[in-house]
Amino acid sequence: MPDREESLLGSRQTKLDRLRQRGVDPYPPRFQRTCDAANAIARFEAAEGNTPASGETPELDLAGRIVSMRVMGRAAFLDLRDHSGTVQALLRQNVLGEAFDLLKDLDLGDFLGVHGPMLRTRTGQVSIEARTLTVLAKGMRPLPEKFHGLRDVETRYRQRYLDLIANPELIATFQQRSRIISSIRRFLDGRGFLEVDTPVLVPVAAGAHARPFVTHHNALDQRLYLRIATELYLKRLIVGGFDKVYELGRVFRNEGIDQDHNPEFTLLESYQAYADYHDVMEMVEAMVSTAAQEVLGTMQVAWGDQVIDFTPPWRRVSLREELLARSGVDLDTHPDDAALARRARELGVETGARESRARLIDKLISSLVEPHLVQPTFMVDYPEIMSPLAKAKPGAPGYVERFEAFAAGMEIANSYTELNDPAVQRERFDAQEHIRQAFQDEEVDRKDEDFLLALEYGMPPTGGLGVGIDRLVMLLTGQRSIRDSLLFPQMRSLPAGSDMESSESPEIIPPPSGRTP
């Protein structure tokens with residue numbers, strides 16, 4: 001540990017000891033605030049001009065972290081920050097008496113409670129004049145310097161609490177995240193959907209093309225998996241008689257990490273009986289535009305030097321036609337997988353020695369189509385081989401009623417008219433198992449016998465939806481990395497004794513090909 005850091009830690013320990021010697025509890029169990037900083041300032045400004053003849057205002061109890069200290073002889077100014085903002089505290093020796101000496105044992109980062117009236121200083125700043133001080137928590141480590149201390153990206157993600165302290169504007173981003181999720185819930189509740197919970201530990205990791213995390217249940221002596229999707233359980237509820245259900249929660253996929261992938265992420269899935277993917281398209285554009293308007297006050301969102309307009313209706317394009325326009329590849333004239341692979345390589349798309357047709361198409365779309373879908377777009381009608389859970393599109397052999405929604409070149413939603421024929425669903429699952437055997441490094445959907453049993457009892461026509469909440473938050477808050485829309489993104493564990501601030505950029509572990517939200 002550097003000598004300077006040892007000295008700073010030692011100084012804080014000395015101050016902590018002095019506080020205790022003075023009979024001050026540096027970590028009291030409670031402090032009753034009157035309100036937060038922003039409310040205190042707003043109250044004062046609203047009442048200004050209506051104060052009593054004495055000039056006194058009601059006394060308040062405010063609290064926050066000390067982020068600035070300016071001592072000027074017998075007076076001092078402290079900036080106290082809480083979740084709402086910052087308020088200045090004015091400390092005068094002639095008002096506080098011996099309590100003014102507490103300043104000697106306070107540091108930036110300490111939490112302090114202040115009791116007193118609000119006033120406006122000679123410079124015009126609204127402040128609280130301290131009549132009493134209460135130490136609420138002594139910080140034992142120095143905070144990062146405002147301009148120089150926390151620029152290391154990996155440290156910001158590993159120690160998010162420091163990131164929030166050093167960059168308080170981030171709090172607004174995560175407040176917006178919470179409001180976006182609340183808006184989505186209100187929207188679905190308003191349309192008659194019921195929020196439900198389904199298992200996180202499952203015997204079959206089905207419902208998506210992804211490698212699961214594996215665990216073991218000791219009491220049952222059974223291998224279980226962290227869910228990769230909630231789809232098959234939610235569709236069981238449609239079978240059971242619910243008409244509209246949704247779940248908003250974490251799912252887990254044992255894949256790589258990059259700008260728009262994190263191994264655990266928040267997924268919204270909804271299922272509506274007697275609906276198809278056209279109904280779901282209308283719902284998605286209404287839901288996202290409503291969330292943008294409610295949280296941001298606009299449906300136009302800045303994204304770099306572009307503006308993304310979420311105002312409905314969104315553009316709709318055919319997958320086959322869009323791929324043909326962008327690459328010259330017509331899927332219907334490339335029935336041979338080897339020929340499709342050769343054409344992909346000619347177009348600069350990296351392919352492996354042996355890859356399934358579904359994976360080749362996925363790579364073509366990811367490389368040649370997706371980057372151009374900047375404005376909100378529904379790409380519709382996917383090849384059946386890519387979509388084992390979707391219903392066939394009438395009059396279009398080999399294609400299914402499926403869409404994916406894109407914005408800023410990223411997939412944000414995925415939807416099907418759900419396959420409800422149990423015999424066809426079994427055939428599709430069997431085909432997936434054949435692909436797994438032929439291409440062992442590829443992830444495909446897994447057969448779930450209990451789900452097939454449920455389908456045999458009958459499921460009405462249903463429209464299903466999955467929305468990647470973290471990516472949607474990225475878009476609506478203007479964040480370029482999914483890690484900036486997650487409070488605690490996944491990181492590789494550091495060896496004991498490692499230097500937290502040794503790297504200038506976070507690790508990037510690319511995920512396998514695939515555009516799951």
Worksheet item: Angle class for the W314/F378 ring planes (parallel below 30°, perpendicular above 60°, tilted otherwise)?
Response: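 W314 and F378: parallel rings.
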
Item to complete: Could you check whether the rings of F429 and F451 sit parallel, tilted or perpendicular, using 30° and 60° as the cut-offs?
Response: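 Plane angle over 60°, so perpendicular.
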
Quick test of your reading of the model: are [X] and [Y] salt-bridged, counting only N-O distances below 4.0 Å?
X	Y	answer
D362	R359	no
D332	R320	yes
K235	E418	yes
R326	E322	yes
R426	E449	yes
R428	D445	no
R315	E285	no

Fill in: Closest contact, heavy atoms only, D189 versus Y246
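Smallest heavy-atom distance, with atoms named: OD1-OH, 3.0 Å.
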
Worksheet item: In this structure, which one of E231, E269, R402 forms a side chain to side chain donor-acceptor pair (under 3.5 Å) with N414?
Response: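 With N414 as partner, E231, E269, R402 yield a single side chain to side chain donor-acceptor pair (under 3.5 Å), made by R402.
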
Fill in: N39 (side chain) donor-acceptor with A42 (main chain) under 3.5 angstrom
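Not confirmed, N39 side chain does not pair with A42 backbone.
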
Item to complete: Kindly compute the distance separating CD (Q425) from CG (D430), expressed to the nearest 0.5 Å.
Response: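 Here the rounded value is 10.0 Å.
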
Item to complete: Find the distance between CG (L347) and NZ (K363) and round it off to the nearest 0.5 Å.
Response: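 The distance works out to 14.0 Å.
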
Discussion item. Is there a side-chain contact between P383 and L319 in this structure, where contact means two heavy atoms from C-beta onward sitting under 4.5 Å apart?
Written reply: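 Heavy-atom side-chain distance check passes, below 4.5 Å.
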
Worksheet item: Under a 4.5 Å cut-off applied to non-hydrogen side-chain atoms, are L323 and L331 in contact?
Response: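 In contact.
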
Item to complete: Answer yes or no for K244 and F193: cation-pi contact, defined as NZ/CZ to six-membered ring centre under 6.0 Å and angle to ring axis within 45°.
Response: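 Yes, a cation-pi geometry holds between K244 and F193.
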
Worksheet item: So among D258, N262, I257, which one has a side-chain contact (heavy atoms from CB on, under 4.5 Å) with D260?
Response: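 Exactly one pass, corresponding to D258.
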
Discussion item. Among T333, I361, T351, which residue satisfies the side-chain contact (heavy atoms from CB on, under 4.5 Å) criterion with L340?
Written reply: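 Of the listed residues T333, I361, T351, the side-chain contact (heavy atoms from CB on, under 4.5 Å) partner of L340 is I361.
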
If only side-chain N and O atoms count, and only distance matters, is there a donor-acceptor pair under 3.5 Å linking [Y] with [X]?
X	Y	result
E401	Y382	no
T266	R177	yes
D279	Y274	no

Practice prompt. Evaluate whether atom CD of E169 has more than 12 neighbouring non-hydrogen atoms of other residues, nucleotides or ligands under 6.0 angstrom away.
Written response: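 Count over threshold, so yes.
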
